[in-house]
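First comes the structure, then the notes that go with it.
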Amino acid sequence: MSTEDDKNILTAIRDGRNDSALQELYRHVLPRVKNFILRNSGDEEEAKDIFQDAVMALFRQIKSGKFDEKYEVGAFVFSVARNLWINRVKVKNRHTPMMDLEYDQTEEIPDVVQNMITEEKSKAIESLMNQIGKECKELLKYSVFDGISMKEICVKMGYSSENVAKTYNYRCKQKLVTLVKDNPQLIALLKG
Amino acid sequence: MNPRYVIHEEIDRYLNGKMAAAERRLFEAELASNPSVRAEFEAQQIAHQVIMEDSLLDLKKQMQRDMNGGGSTPPSSGTGKSYLNLLFALGGMICVSSLYYFYSHKTAENKNAPPIQESVTIRSAPSNEENSIASGTSSKGGESTVAASESSIEVNVIAPPGITITQTPGSSSEAEQPKEVKDDKPQANPQHTTTPAASTTPHITAPAQPTPDKPAVTPGAPEPVEPAAETRTTAYTFQPEIEGNWTLPYKENTKGKFSIVSRSGVTVYQTNFSSGTTEQWNGNDAAGVAMPAGYYIYLIEYEKGGVEKGSLTILR
């Protein structure tokens, strides 16, 4: 994967063009991840799952502004996937020797592996987001996750003006903030 | 402007990393000194985290959709097309195999179970009529019931496997079965008492038992048989340059057809195998062209019925 591909993926994710970023990742990184996992006692399904989690970690890092640009995107995803797989194999207690460890990145990937979302968390999050309604969910995804402008949101959501979009965005977020405040369990879960 | 809105906007800009360094420091100082702003900030930060994680979960779902069926790298162009093709191909395979199962089962049943069918017609015809008419036709009915009772030994032989099959798969069919038997028995008994031959044979309930069994066999029987063969999906990898040949993973001493289908639904290799031999594939198609690295599906159709499929990843 060239550095240009790398940059393309990075900007695509930053600009909220998730689809094109995913396509690039499928093409350039997925085969490597798959190859590694299949050669280390994993199967197709496990390879897909690990790749998906690694891509989630990449998006999480970039979207929250924590991504260190000294990493290449492809190498980052591969390293995270490798670490995730090593962890999973350890958990499974499979005494299988790992073959492909020669691909050793000297820099350690930050604690992304520890930050992986748990089943418990994701259930709590999904139920909370269901409570604020479909429209709010979509709107907040655009404004917070994709980080696209109110002007674009206006077009995507079919609002009459930027101000309408802003107002809705504010209301939706307040709705969610109120729900969060009423849910100390979730706060503990996410902080912990 | 609503002061809460202003604070919200500030927090938002901070969280989205849109503040310059100086502004950031000011805001952080404000956070440290103002507990109400801090409380608001924390709630909003968690709300952001919730939105982020929820969107990431959606992203994972999207990836799962992208990869499902195709199983591997969908190329950026024409993704939908090849994906659809594969879906159709898979759907077709499933349709054909299930049809084949249904058909082969039905013919097998017809061969094995003529006495059962006979007893159905006997019982259902007189049960709609008056008793007198039933006794009038008793010569006919008697003959055939005798035939049925004669063959009842045979029926009993056939019935046990039928019963054991239907009873094993699920409690729901088990629950229905005795009910049907109960419903049938009172109907069957009064008729048979009119015919002297039948009344003496308490065994006559035996043909009645397999009958409720019969409709249960059709939906019930393919279930335990089919999944055993069908769900044996295995993922294989094959590196032609290193391994040379891939030994086709069909069951020993069987006959059938082996196909390898590419992600876009093209059959790249097909061979018939027979018992006692092992077939191998070198990774080339019929024209001798080396197949590119990637994801393929293999399909084994056994001559005696049963389909196995799985994936084959070619690494080059």
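All values derive from a computational prediction rather than experimental measurement. Quick note on labels: first sequence line is chain A, next is B, and so on, each numbered from 1.
Between atom CD of residue A:E44 and atom OH of residue B:Y295 there is a gap of 5.0 Å, rounded to the nearest 0.5 Å. Rounded to the nearest 0.5 Å, atoms CG (B:L315) and CZ (A:R39) are 7.0 Å apart. With rounding to the nearest 0.5 Å, the separation of CG in A:L176 from NE2 in B:H48 is 9.0 Å. Note: A:K121 NZ to B:L57 CG = 11.0 Å, rounded to the nearest 0.5 Å. Taking CG from A:L38 and OH from B:Y236, the interatomic distance works out to 13.5 Å, rounded to the nearest 0.5 Å. A:M56 CE to B:M52 CE: the interatomic distance, rounded to the nearest 0.5 Å, is 12.5 Å.
Residues B:V50 and A:L186 have side chains in contact (heavy-atom distance under 4.5 Å, counting atoms from C-beta outward).
Minimum heavy-atom separation, B:A43 to A:V180: O-CG1, 4.0 Å.
The list of salt bridge (Lys or Arg N to Asp or Glu O under 4.0 Å) pairs with a residue in residues 169-179 of chain A, not counting sequence neighbours, reads A:K173-B:D12.
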Tell me, with the steps shown, if B:I51 and A:K137 meet side chain to side chain contact (heavy atoms under 4.5 Å, CB included). CA-CA 8 Å; B:I51 299 164; A:K137 186 179 143 110; over 6 Å; no
Yes or no on salt bridge (charged side-chain N to carboxylate O under 4.0 Å, His left out) for A:K166 and B:E9, after CA distance, side-chain angles and deciding distance? CA-CA 10 Å; A:K166 266 188 188 170; B:E9 284 280 88; 5.1 Å; no
Side chain to side chain contact (heavy atoms under 4.5 Å, CB included), that's the test. Do A:L30 and B:M67 meet it? Break it down for me. CA-CA 11 Å; A:L30 178 58; B:M67 291 180 194; 4.0 Å; yes
Decide side-chain hydrogen bond (donor to acceptor under 3.5 Å, both in side chains) for A:D19 and B:Q62; before the verdict, give the C-alpha distance in whole Å, the side-chain angles of both, and the deciding distance to 0.1 Å. CA-CA 9 Å; A:D19 281 335; B:Q62 189 187 338; 2.3 Å; yes
For A:Q52 and B:K61, run side chain to side chain contact (heavy atoms under 4.5 Å, CB included): C-alpha distance rounded to whole Å, both residues' side-chain angles, the deciding distance at 0.1 Å, then the answer. CA-CA 9 Å; A:Q52 287 160 7; B:K61 279 177 203 154; over 6 Å; no
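Note that B:K60 lies outside the cation-pi zone of A:F59, set by a 6.0 Å cut-off to the ring centre and a 45° limit from the axis.
Heavy-atom distances place no part of B:Q45 under 4.5 Å from chain A, backbone and side chain included. Contact annotation for A:L179: neither backbone nor side-chain heavy atoms come within less than 4.5 Å of a heavy atom of chain B. In this structure, the portion of A:L22 lying under 4.5 Å from any heavy atom of chain B is its side chain and not its backbone. For A:Q174, the part lying under 4.5 angstrom from a heavy atom of chain B is the side chain only.
Identified by a heavy-atom distance below 4.5 Å to chain B, the contributing residues of residues 141-159 of chain A are A:K141, A:V144, A:F145, in residue-number order. Residues of residues 125-136 of chain A placed with any heavy atom under 4.5 Å of a heavy atom in chain B are listed by number as A:I125, A:E126, A:L128, A:M129.
Residue A:E120 places its CD atom among 12 or fewer non-hydrogen atoms of other residues, nucleotides or ligands, all under 6.0 Å distant. In the displayed structure, A:F67 atom CZ is contacted under 6.0 Å by more than 12 heavy atoms of other residues, nucleotides or ligands.
A salt bridge does not link B:D66 with A:K48: none of the charged nitrogens is closer than 4.0 Å to a carboxylate oxygen.
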Considering only distance and modelled atom types, tabulate donor-acceptor pairs under 3.5 Å from the side chains of residues 254-261 of chain B, sequence neighbours left out.
residue : atom : partner : partner atom : Å
B:T254  : OG1  : B:K251  : O            : 2.6
B:S259  : OG   : B:Q270  : NE2          : 3.0

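For the residue pair A:S122/B:E53, the side-chain donor-acceptor check at 3.5 Å is not satisfied.
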